[in-house]
Amino acid sequence: MDPGWLIVYLFLVAECVVVALLIMPMPSNYVRGKVVGGLRAVWNKYPNLRHGCALLLLLNSYYCWVSISSLNSPPDSDSVHARTKLFRDQRNAYITTFGIGMFFIMHRLLDLHDQLFVAREAEKREKAK
């Protein structure tokens, strides 16, 4: 197995954990602020994390390109080996496409939680007046 696929898979698992954290119902705006603030602090504090995620997104895109381009060329035979290769290419295309989509969903959810936190804080200030 290519170690790049392991890295892509672990990156996908990390993305899924962050997205699961962001889609959980938050009991209060305070908790939402702490979760989003913590994620933003980690993201902004470590520029190597941002660069690493960008490199992993590029690796994911490259593997996606390779998987989909190999799916576009039909197999030469109908042997078990050809079917296994086709199955692996389909699986890899799903994994990489899902990983790329999950990356953008994660960033959009983080932005939405930021906006919701700010809007609820403004609403609390309005009620306090």
TODO: Side-chain contact test, heavy atoms from C-beta onward, threshold under 4.5 Å: evaluate it for S79 versus R83 and give yes or no.
DONE: no
Task: Side-chain donor or acceptor of T97 paired with backbone N/O of Y94 under 3.5 Å - done: no
- [ ] Spell out, yes or no, whether F117 and L21 are grouped together once hydrophobic residues are joined by side-chain heavy atoms under 4.5 Å, including indirect joins.
- [x] no
Open item on the list: Holding to side-chain hydrogen bond (donor to acceptor under 3.5 Å, both in side chains), I want the full list of residues that pass it with Q115, two or more places apart in sequence or in another chain.
Closed with: none
Open item on the list: Using the rule side chain to side chain contact (heavy atoms under 4.5 Å, CB included), only one of I95, L58, I100, D2 pairs with Y63; which is it?
Closed with: D2
TODO: Determine whether E121 and K124 make a side-chain contact, defined as any pair of heavy atoms from C-beta on separated by less than 4.5 Å.
DONE: yes
Open item on the list: Do C16 and F98 make a side-chain contact, defined as non-hydrogen atoms from C-beta onward lying under 4.5 Å apart?
Closed with: yes
Task: Test of ring centre spacing under 6.0 Å for H107 and F103 - done: yes
Task: Residues R40, D111: salt bridge by 4.0 Å N-O rule - done: yes
Open item on the list: With clusters defined by side-chain heavy atoms of hydrophobic residues (ILVMFWY) lying less than 4.5 Å apart, directly or transitively, does I23 cluster with V18?
Closed with: yes
Open item on the list: So which atom in L59 and which in V8 form the shortest heavy-atom distance, rounded to 0.1 Å?
Closed with: CD2-CG2, 3.9 Å
Task: salt bridge (charged side-chain N to carboxylate O under 4.0 Å, His left out) involving K85 - partner list, sequence neighbours excluded - done: D89
TODO: Among V36, V19, V35, find the one that has a side chain to side chain contact (heavy atoms under 4.5 Å, CB included) with L110.
DONE: V36
Task: L71 and L86, any side-chain heavy atoms less than 4.5 Å apart - done: yes
Open item on the list: Looking at R88, I want to see if its CZ is surrounded by more than 12 non-hydrogen atoms of other residues, nucleotides or ligands under 6.0 Å.
Closed with: no
- [ ] Flag yes if L116 and V118 sit in one hydrophobic cluster, no otherwise; membership is Ile, Leu, Val, Met, Phe, Trp, Tyr, and two members link when side-chain heavy atoms are under 4.5 Å apart.
- [x] no
Open item on the list: To the closest 0.5 Å, what do you measure between NE2 (H113) and CG (N29)?
Closed with: 10.5 Å
